[in-house]
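These notes concern the structure reproduced below.
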Amino acid sequence: DEEFHHLGTLSASILSTSITIGLNDWWNISLNQIWGNRYMTWDADTTSKHHRDEGSETNFTNAIGGYLGDSRILVRYLFLNAGRGPGSRLFFGGGLVIPSDNTLTSSPFFGPESDVEDHRHFSMSEGVYKAIFETQFFIKRMKNPVFLGGTVSIEEPLAENGYGFKPSRLIDLSFTAFTRKLKPLNGSLSGSLMIRKTSKAYWNSIASPNSDSFLLIPGVGILWNLKFATLMLNLQKPIFVKGSLSGTEAYLDEETNAYQLSFSIRKILDYYIPWLYW
């Protein structure tokens with residue numbers, strides 16, 4: 001019902017803070033908190049009930065705004081460990097996603113016989129508790145690539161939230177490889193490939209049209225091991241094999257270009273907690 005050219009950007013600025021604490025030589029626990037903002041710029045010459053310049057930090061008709069995303073608690077067990085030298089590392093993990101209140105409060109999708117109301121499509125949290133299952137396997141070698149391996153991660157929603165939404169099951173399969181340190185860069189190069197599959201999500205038991213998807217996400221990066229911390233710069237390019245950003249690919253001529261740029265800082269504190277270690 002909108003006969004004008006649709007063009008805009010949806011950007012996300014995300015800060016992911018986490019700390020991992022070793023409980024003993026084989027078990028650790030990680031606590032993670034997401035902060036950030038999603039913002040849509042709308043480049044058409046008119047606004048509508050669907051589209052306008054807006055950000056997830058503000059409240060809206062069907063959204064509770066804010067900067068707080070999900071929290072995660074993850075416990076990992078080190079099943080195989082070759083120590084500092086060459087060899088294998090194998091982790092098994094599980095945990096819980098704890099949602100924030102900054103979520104959508106009603107469906108942004110309307111049936112053909114429904115009156116379309118003002119609405120927003122995005123938020124900082126899906127508002128749902130989820131179980132996490134994870135396996136990591138990596139190999140350290142003496143020749144290039146010196147470090148390679150992969151991770152399998154599954155996030156399973158435990159129930160609908162208080163607004164009738166049940167999100168997708170998320171399955172990530174990722175592969176990563178690092179070279180040894182290269183003198184011209186004073187760092188290591190990395191290559192990665194993530195395969196991401198999401199199942200259908202539901203609003204009030206009705207399938208959400210933009211939820212079932214399959215993505216390939218290749219990436220490249222640079223890793224610097226410095227005295228004060230480990231730094232990494234990474235660029236990824238999501239490729240929509242199935243599904244799209246808006247979910248309207250079935251009946252609209254749509255083109256989506258997405259990029260992800262991340263910068264991470266990792267620091268080993270080398271701090272011992274006497275009463276915690278067992």
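Along the sequence shown, residues are numbered consecutively beginning with 1.
No side-chain heavy atom of L104 sits less than 4.5 Å from a side-chain heavy atom of F122. Between L78 and D25 there is no side-chain heavy-atom pair separated by less than 4.5 Å. Using a 4.5 Å cut-off on side-chain heavy atoms (C-beta onward), L173 and T151 make no contact. No side-chain heavy atom of N257 sits under 4.5 Å from any side-chain heavy atom of F240. In this structure, T46 and S48 have side chains that are not in contact, with every pair of non-hydrogen atoms separated by 4.5 Å or more. At least one side-chain heavy atom of Q33 sits less than 4.5 Å from a side-chain heavy atom of L68. Side-chain contact check for R89 versus Q136: every heavy-atom pair is 4.5 Å or farther apart. No side-chain heavy atom of I132 sits under 4.5 Å from any side-chain heavy atom of I154.
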Under the criterion side-chain contact (heavy atoms from CB on, under 4.5 Å), I'd like the reasoning laid out for E156 against K130: C-alpha separation, chi angles, the key distance, then a yes or no. CA-CA 5 Å; E156 180 71 30; K130 304 175 188 177; over 6 Å; no
Could you walk me through whether N28 and I21 pass side-chain contact (heavy atoms from CB on, under 4.5 Å), step by step? CA-CA 6 Å; N28 67 36; I21 301 171; over 6 Å; no
Might you work through the side chain to side chain donor-acceptor pair (under 3.5 Å) test for S213 and T198, ending with a clear yes or no? CA-CA 5 Å; S213 67; T198 62; 2.6 Å; yes
Given the rule in the side-chain contact (heavy atoms from CB on, under 4.5 Å) test, do I14 and M124 qualify, once you have shown the distances and angles that lead to the verdict? CA-CA 9 Å; I14 304 297; M124 279 303 300; 4.0 Å; yes
For the pair V97 and E126, evaluate side-chain contact (heavy atoms from CB on, under 4.5 Å) and give the outcome as yes or no after the intermediate values. CA-CA 10 Å; V97 175; E126 293 182 311; over 6 Å; no
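The six-membered or imidazole ring of Y77 lies away from that of F92, with a centre-to-centre distance of 6.0 Å or more.
The aromatic rings of F147 and F178 are tilted relative to each other, their planes meeting at an angle between 30° and 60°.
One N or O on the side chain of W224 and one on the backbone of L185 form a donor-acceptor pair closer than 3.5 Å. T105 contributes a side-chain N or O that, together with a main-chain N or O of N62, makes up a donor-acceptor pair within less than 3.5 Å. Of the possible donor and acceptor atoms, one in the side chain of R141 sits under 3.5 Å from a partner among the backbone N and O of N144. Between the side chain of K49 and the backbone N or O of V116, at least one donor-acceptor pair lies under 3.5 Å. Listed for the S208 side chain is no donor-acceptor partner under 3.5 Å among the backbone atoms of S211. In this structure, S174 contributes its side chain and M194 its backbone to no donor-acceptor pair below 3.5 Å. No donor-acceptor pair under 3.5 Å is formed between the side chain of S56 and the backbone N or O of N37. In terms of modelled atom types and a separation under 3.5 Å, the side chain of S123 and the main chain of T103 share no donor-acceptor contact. The closest donor-acceptor contact from the side chain of N59 to the backbone of G65 lies under 3.5 Å. Side-chain atoms of R76 never come within 3.5 Å of backbone atoms of W26 as a donor-acceptor pair (strictly under, hydrogens ignored).
With 3.5 Å as the limit, one finds no donor-acceptor pair spanning the side chains of N225 and K181. Under the 3.5 Å distance criterion, with hydrogens and angles disregarded, a donor-acceptor pair is assigned to the side chains of T41 and T9. Counting only N and O atoms by type, the side chains of R120 and T58 include a donor and acceptor under 3.5 Å apart.
Residue L74 is not grouped with residue L96 when hydrophobic side chains (ILVMFWY) are merged at heavy-atom distances under 4.5 angstrom, including chains of intermediate members. Under the 4.5 Å side-chain heavy-atom criterion for Ile, Leu, Val, Met, Phe, Trp and Tyr, L23 and F91 are members of the same hydrophobic cluster. The hydrophobic cluster containing Y163 does not contain Y202, counting ILVMFWY residues as joined when their side-chain heavy atoms lie under 4.5 angstrom apart, directly or transitively. Under a hydrophobic clustering in which Ile, Leu, Val, Met, Phe, Trp and Tyr are joined whenever their side-chain heavy atoms come within less than 4.5 Å, directly or via other members, L31 and W27 fall into the same cluster. Cluster annotation: L189 and L233 are assigned to the same hydrophobic cluster (Ile/Leu/Val/Met/Phe/Trp/Tyr, side-chain heavy-atom contacts under 4.5 Å, transitive).
Atoms CZ and CE, on R180 and M142 in that order, are 7.5 Å from each other to the nearest 0.5 Å. To the nearest 0.5 Å, atoms OG (S153) and CD1 (I171) are separated by 9.5 Å. The CG atom of D70 sits 9.5 Å away from atom CG of N32, with the distance rounded to the nearest 0.5 Å. Once rounded to the nearest 0.5 Å, the distance linking CG of L216 with NZ of K242 reads 13.5 Å.
Residue H119 forms a ring pair (Phe, Tyr, Trp, His ring centres under 6.0 Å) with just one option from F110, W203, F60, and that option is F110.
Between T230 and L223, the shortest heavy-atom distance links the atoms CG2-CD1, 3.3 Å.
Within a 6.0 Å sphere centred on CD1 of I268, other residues, nucleotides and ligands contribute 12 heavy atoms or fewer. Around atom NZ of K200, no more than 12 heavy atoms belonging to other residues, nucleotides or ligands sit under 6.0 Å away. Within 6.0 Å of the CZ atom in R169, the count of heavy atoms belonging to other residues, nucleotides or ligands does not exceed 12.
Ion pairing between D212 and K197 holds under the 4.0 Å rule for side-chain N and carboxylate O.
K237 forms a cation-pi arrangement with Y259, by the criterion of a distance under 6.0 Å to the ring centre and an angle within 45° of the ring axis.
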